[in-house]
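All ligand and atom numbering here is 1-based and tracks the order in the structure.
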Amino acid sequence: MMLAISVCSLFVVLGIAQDLSVPSTWREPSTSRSLSERITISQAATNSILPQLTSNNGQFNGIGYWQSANVWSALAIQDEVIGSTTNEAAVTNGLNTAFSLYSDYDQFGVGHFISPMTAYLISIFTIKQFGLILVLRWWATAAVYAYRAYGDTNLLAHAVAVWNHVTTYVVTPAAASSGTLATKSFTVSGTCDGVTMAGGVFWRSTTDDQGINSITTGLYVTLSAYLGEIYGDSKYTNAAIASANWIKNLNINSGDIVLDTVNGHDCTRSPSSWLFTYNSGKYIEGLSVLGAVTGDAQWTNLMLDIVAAAVKSSAWEGTDGIITEGASPSSNNDDVGFKAIFIRGLHETFTRSASNTNLQGLIRSYIDVQYNALLELADNGSTYSSAWNGPPQSFTTWGQLAALDVLVSAIDTNN
Ligand SMILES: *[C@@H]1O[C@H](CO)[C@@H](O)[C@H](O)[C@H]1NC(C)=O
């Protein structure tokens, strides 16, 4: 009896609650394609999107600025996985071009290259519509992936510059206690639901915008954890921990899925039905890096909880496991790019989980479900619909963007 109780509490203490089994209802959770075939498929998809590049601004026709950063991310990770430099020139040029054109990758900031009148018009019309502070970080993480792939310290410096810039939009402990943050014009709420708001990150630079969301905060966790890992500097690691705690304590639902937004002034929340793959996906990535950097098992355990829930969530997939979020054959929208972020986060976690074969097996199977759907239901030659259940269609830049991370990850997660 005593033994049974202590074994039971041991399981609770260690957090061994996750079900990492592969559902029997998933469609084709494995692949027999060879490594060389998987590399060929991925590079063919890359070659099909590169003609959409506008070389003078580092962006792609048909998708938004943040989505373009994620094309560069996928290409860099592909080279990192294969150990090749096939896409190095394109990636490096794209990131350098955007960085030199827009200070700190800040496309909507006021730089020397635009007139005061243009700056004024942008300040009225554009910044209201775009998540400026959010967007910078997509480019900064692309620069980190490119640094990992190519060892280019100039690109790493871009990521540091962005980190310094966006850190001014993080709720510090001082801001949480005084209610004042220099970049914001309103009183910041020190706590919401009895939990400190320290570590939350505002997603827009507009002084009166009050939204703090999980994707902006999760990107900050991830960027900070990567920089902490690369530099061994606790200022980055501590920033990652504070922001990881914000999501952990404030913005995860009872089913272990990451929620969207909390208002930094009045604590109102986005609807509980706002469940998007990328919120959980980016946080999973940040937690897996943070767990490795700190050696603190709480982050790895939290990551396991969220992975186990997210790959089986009915919020974005059917019982066959194929992601249905962001299926948009006729027009681009932000949601189209979310699932790529989710898959990339799972892939990063896979690479850091060699000691957990159940977790690796679950992630491999999940990515193979998406891979087989793309190659059998959504493909037209080397181009892919954003509707992963199909049917195939003519090339769209957004459909291609969404597919890249699956094709790249499947190179690495299969044998
Ligand atoms: C495949 O792409 C080609 C070229 O863009 C297009 O003409 C064709 O209609 C597409 N096939 C399907 C099934 O949509």
Side-chain angles (χ1 to χ4, degrees), residues 26-79 82 86-87 89-91 93-94 277-278 316-344 366-411 414:
W26 280 3
R27 179 185 181 277
E28 280 190 62
S30 66
T31 182
S32 57
R33 293 178 194 267
S34 69
L35 175 62
S36 65
E37 189 180 3
R38 300 196 303 274
I39 291 172
T40 301
I41 287 169
S42 187
Q43 187 60 42
T46 292
N47 294 342
S48 297
I49 202 170
L50 282 174
Q52 302 305 316
L53 175 63
T54 305
S55 55
N56 66 8
N57 68 10
Q59 298 175 50
F60 295 83
N61 296 314
I63 55 176
Y65 184 60
W66 80 272
Q67 294 171 319
S68 290
N70 284 305
V71 174
W72 296 127
S73 293
L75 268 52
I77 294 169
Q78 183 187 301
D79 274 337
I82 302 170
T86 310
N87 302 308
V91 171
N93 287 339
T277 53
Y278 77 159
W316 47 70
E317 66 199 45
T319 53
D320 59 10
I322 301 171
I323 299 173
T324 52
E325 178 187 77
S328 184
S330 56
S331 63
N332 182 37
N333 57 54
D334 284 334
D335 297 21
V336 169
F338 291 174
K339 54 199 173 192
I341 307 310
F342 182 37
I343 297 299
R344 187 185 311 151
Y366 190 66
I367 291 175
D368 280 347
V369 167
Q370 317 310 324
Y371 191 56
N372 290 325
L374 280 171
L375 295 174
E376 294 165 13
L377 307 176
D379 77 301
N380 181 354
S382 58
T383 73
Y384 303 89
S385 172
S386 62
W388 291 357
N389 281 291
Q393 62 173 130
S394 301
F395 172 89
T396 64
T397 313
W398 59 92
Q400 201 70 359
L401 155 74
L404 292 178
D405 276 281
V406 175
L407 306 178
V408 169
S409 300
I411 296 173
N414 291 289

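- Protein heavy atoms all stay at least 4.0 Å away from atom 4 (C) of ligand 1.
- Taking the six-membered ring wherever Trp is involved, the centroid distance between the rings of Trp316 and Phe342 falls below 6.0 Å.
- In this structure, the separation between CG on Asn372 and CH2 on Trp388 is 12.5 Å, given to the nearest 0.5 Å.
- Nearest protein neighbour of atom 1 (C) of ligand 1, counting heavy atoms only, is Asn380 ND2, 1.4 Å.
- Between Trp398 and Phe60, a ring centre-to-centre spacing not shorter than 6.0 Å is recorded.
- The pair Arg27-Glu376 meets the salt-bridge criterion, since a charged nitrogen lies less than 4.0 angstrom from a carboxylate oxygen.
- Scanning the protein for heavy atoms near atom 7 (O) of ligand 1, the closest one is Ser394 OG, 4.4 Å.
- Shown in contact with Gln393 at under 4.0 Å from a heavy atom are these atoms of ligand 1, numbered in order with element: 14 (O).
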